[in-house]
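The structure appears below as structure tokens.
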Number of protein chains: 2
Amino acid sequence: MLRVRHEPVFTMTLAGLSLRDLEYVVAVADLHHFGKAAERCAVSQPSLSIQIRRLEERLAITLFERSARGVLLTPDGKRLVAQARIVLQEAQRFIDLAQGLAQGQADLLSGPLRLGAIPTLGPYLFPRLLRPLRQAFPRLQLILHEVRTQDLLEQLRAGEIDAAFLSPPVDAHGLVLEPLFFEPFLLAHSPGAAAADFGRLTLDSLPAEGLILLEEGHCLRDQALLLCSRRPAGSAGRHATSLDTLRHMVAAGEGWSILPALCIPDPDPLRDLLRQTPFDRPDVGRWISLAWRASSPRPWQFRTLAALVMDCAAGWCLADGRRLGRAMGGGVEEYGAEGPGGEGQEARG
Amino acid sequence: MLRVRHEPVFTMTLAGLSLRDLEYVVAVADLHHFGKAAERCAVSQPSLSIQIRRLEERLAITLFERSARGVLLTPDGKRLVAQARIVLQEAQRFIDLAQGLAQGQADLLSGPLRLGAIPTLGPYLFPRLLRPLRQAFPRLQLILHEVRTQDLLEQLRAGEIDAAFLSPPVDAHGLVLEPLFFEPFLLAHSPGAAAADFGRLTLDSLPAEGLILLEEGHCLRDQALLLCSRRPAGSAGRHATSLDTLRHMVAAGEGWSILPALCIPDPDPLRDLLRQTPFDRPDVGRWISLAWRASSPRPWQFRTLAALVMDCAAGWCLADGRRLGRAMGGGVEEYGAEGPGGEGQEARG
DNA sequence: ACGCAGCATTGATGCCGGCTATGGACCGGA
DNA sequence: TCCGGTCCATAGCCGGCATCAATGCTGCGT
């Protein structure tokens, strides 16, 4: 459950005080005239008189001195009116702030947006997104986090982040997942390895030993193991803490691995030490989806973001010259013909 | 008429914002739970839900994200809640201030009190009152002014002062006058003057020439002229700007004058240069009254002040050894047997 | 003495916030 | 998969209170 902060808490005895009453009081104090004050407040004079009288009774303080010569503030009234002005001023700032925020909402994307991504995607996805996002939505303020899937889901549900880039399948209870693009996997191996071992690049022809994995908790680790149809027991102890580390290990001849296409920089500083080869089947890879709370306000905000990411992704050239497959658009799907897999896909809307 | 200040004026569009709504919002933000928040606010959960929803609609901003996992603040909600806390805090200060002032009213006399007095009385009355007043009402904050009767009445009616010590008759429209004491007049003359001129000290035996008066506007001037039954034409040009100046002029042998008893200090530094002689009739003098607006709140405040002044005055010994006559008390009235004269005496409510 | 200006009072009216009861979505356990 | 519990939303009704138009009252000026 969410933490219950026990804050100072107001004494709860605002005694039915109303901002309208304070407006009336200030109006009379300004104009020294009940009738004029009522006019300014757009109410009838009796209404204003009654409200001020009731307020005076509640406060047990006479604010105004009524006489035929005019309306005078009592000394107490003077001090209270000064404080009333402060209250109204702060209330006005509240309204102004709300109006500003509401107007900001008129933009499709504006204000702070806390985005998360899995670590095997974020460092390679965000740099490609920042420029187009800033160009399309200048008033958007991104706060980025990179944690593994489980933490991502927890932070998402706890409201610590607003949306997350991740790879299904995930437990999507209470979430909406919008597929964005299909990211193919590549086989990374040392060019010095026996060419025969990787000659055909089918999943069945992978060597029995030498697979290097990421740490526990990375979805990419699980997906790689699933592809290889083997338990991690065979190469226990061979793991890296990040994709970059993993690529360096492969380049150093420590073994081979399976990498998502976006993690390969262009140009690649490891080009001479590392060969990344596509698989012969187009469905080897992972779907990337954007996830947000189903209860989130302004869901179109995330759909807008998703659409922009899809548009961008359609233009990215991979290291092997091919392009990413779009999730829903009409373009040619070069990868991921069957759509994002996994259970837990949430109904949308 | 009273001046109509045209102040900045709030934009008048607080849009029906209510402090209660802000309390609800803050409660939900604190507790992350509509039911608990409703309990804290002492209302039913539906009431609170509806009000918050209506507020969100008015602001066109979703403050909270409702989900089965709990209640989350949206980023916009976070900022607005912060401002709502400020508004409520200032409103609470308003309430606290009002309570403090109301409690202060429990004292018979407390807080700021703006008192005025005619210049022929104030400099001699206030010094005698300050100590007893501070002793009886420690929380009383006096602000003292000394101006002539007409200005006094204007300031009183305009609300620039709360009460005034003056001498009737005055135009008491809209005012309450409470008689305090009768202050006898003394004849001030140089000891070197012919003794025969002041032998009997009846009003009829005053010398024809040599009367020194205060400037125009001092009620004492008019009263002195009335006593002497003569026009100021006789001694035109012989006038002083203050009683002290006047006494020095008499001491210098410039002429003679009529002084109120309280203005003679004890001991008198001019004792050897100046003789102050009582009149043979006890009703030669002036009444001193306290005046306040009939519309003034807490009239008992001024009656309390008046009673204290009367008590004090009963104990003052004049330079000639006699005492001031009390206005209403049961004591022996040595002066002013017929009570304060003049029209305009107000009914007391 | 009359008229006027200005705040207070009155009684009718309608909005609005409150409550109880119920609905519906979601979650967790069997 | 069903069931019960939790929690927020909805529905319907009710009562109070703010509002208004009309009138009263008081004090001042002429």
Side-chain angles (χ1 to χ4, degrees), chain A residues 1-2 4 15-25 27-28 31-39 41-58 62-72 157 171-176 293-295 297 344 346-347 349, chain B residues 1-2 4 15-25 27-28 31-39 41-58 62-72 153 157 171-176 293-297 344 346-347 349:
Chain A
M1 200 54 200
L2 293 166
V4 176
L17 186 65
S18 162
L19 289 174
R20 175 181 41 76
D21 292 345
L22 298 185
E23 275 188 312
Y24 290 173
V25 166
V28 174
L31 302 174
H32 298 279
H33 193 288
F34 277 67
K36 305 244 182 72
E39 188 181 359
C41 295
V43 294
S44 69
Q45 170 263 319
S47 300
L48 183 136
S49 288
I50 290 178
Q51 292 315 311
I52 287 190
R53 173 165 297 277
R54 293 176 67 88
L55 178 63
E56 286 179 324
E57 288 171 0
R58 279 201 300 268
T62 301
L63 299 172
F64 299 105
E65 206 179 300
R66 290 89 161 159
S67 78
R69 295 186 61 85
V71 177
L72 294 175
R157 293 196 170 98
D171 170 23
H173 265 313
L175 302 180
V176 177
R293 288 182 297 282
S295 61
E346 196 80 350
Chain B
M1 196 55 197
L2 292 168
V4 177
L17 185 65
S18 163
L19 289 174
R20 172 182 39 77
D21 293 345
L22 299 185
E23 275 188 311
Y24 291 172
V25 166
V28 173
L31 302 173
H32 298 278
H33 193 287
F34 277 66
K36 305 248 182 71
E39 187 181 0
C41 295
V43 294
S44 69
Q45 169 264 318
S47 299
L48 182 136
S49 288
I50 289 179
Q51 293 314 313
I52 287 190
R53 172 165 297 276
R54 294 175 66 89
L55 178 63
E56 286 178 325
E57 288 172 358
R58 280 202 298 269
T62 302
L63 299 172
F64 299 106
E65 205 179 300
R66 291 93 161 155
S67 79
R69 296 185 62 86
V71 177
L72 295 175
L153 293 175
R157 292 196 170 97
D171 171 24
H173 265 313
L175 303 179
V176 177
R293 288 181 299 280
S295 60
S296 186
E346 199 80 349

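A, B, ... follow the sequence lines: proteins, then strands. Residue 1 opens every chain.
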Requested in this report: Would you classify A/Tyr24 as touching base, sugar-phosphate or nothing, given that sugar-phosphate means primed atoms plus P, OP1 and OP2, and contacts are heavy atoms under 4.0 Å?
Outcome: sugar-phosphate

Query raised in the report: Looking across every strand, which nucleic acid part, if any, lies under 4.0 Å from A/Ser44 by heavy atom: base, sugar-phosphate, or nothing?
Result: base

Query raised in the report: Going by distance alone, is a donor N or O of one side chain under 3.5 Å from an acceptor N or O of the other, for B/Gln51 and B/Ser47?
Result: no

Which of these nucleotides, [options], is closest to any side-chain atom of [X]?
| X | options | value |
| --- | --- | --- |
| A/Gln45 | D/dC8, C/dA8, C/dC19 | C/dA8 |
| B/Val43 | D/dC20, C/dC19, C/dC7 | C/dC19 |
| B/Gln51 | C/dG6, D/dC20, C/dG18 | C/dG18 |
| B/His173 | C/dG6, D/dC28, D/dT19 | D/dC28 |
| B/Ser47 | C/dG18, C/dT9, C/dA8 | C/dG18 |
| B/Pro46 | C/dT20, C/dA8, D/dT19 | C/dT20 |

**Report entry** Salt bridge flag under 4.0 Å for residues A/Glu56 and A/Arg66
**Finding:** yes

Query raised in the report: Salt bridge or not for B/Arg54 and B/Asp21, using N-O below 4.0 Å?
Result: no

Just the rounded figure in Å: distance from [atom2] of [N] to [atom1] of [X].
| X | N | atom1 | atom2 | value |
| --- | --- | --- | --- | --- |
| B/Leu55 | C/dG17 | CG | P | 11 Å |
| A/Ile52 | D/dA18 | CD1 | C1' | 14 Å |
| B/Lys36 | D/dT6 | NZ | P | 12 Å |
| B/Leu48 | C/dG18 | CG | P | 9 Å |
| A/Arg293 | D/dC8 | CZ | P | 16 Å |
| B/Arg66 | D/dA9 | CZ | P | 5 Å |
| B/Leu63 | D/dC8 | CG | P | 15 Å |
| A/Arg20 | C/dG17 | CZ | P | 11 Å |

Below the 4.0 Å mark, does [N] have OP1 or OP2 next to a side-chain nitrogen or oxygen of [X]?
| X | N | value |
| --- | --- | --- |
| B/Arg53 | D/dT10 | yes |
| B/His33 | D/dC8 | yes |
| A/Arg54 | D/dA18 | yes |

Report summary line: On a heavy-atom basis, the closest approach of A/Leu175 and A/Arg293 is CD2-CA, 3.8 Å

**Report entry** Interatomic distance, A/Leu19 atom CG to B/Arg20 atom CZ [nearest 0.5 angstrom]
**Finding:** 10.5 Å

Report summary line: Of A/Ile50 and A/Ser67, the one whose nearest nucleotide on DNA chain C sits closer to the 5' end is A/Ser67

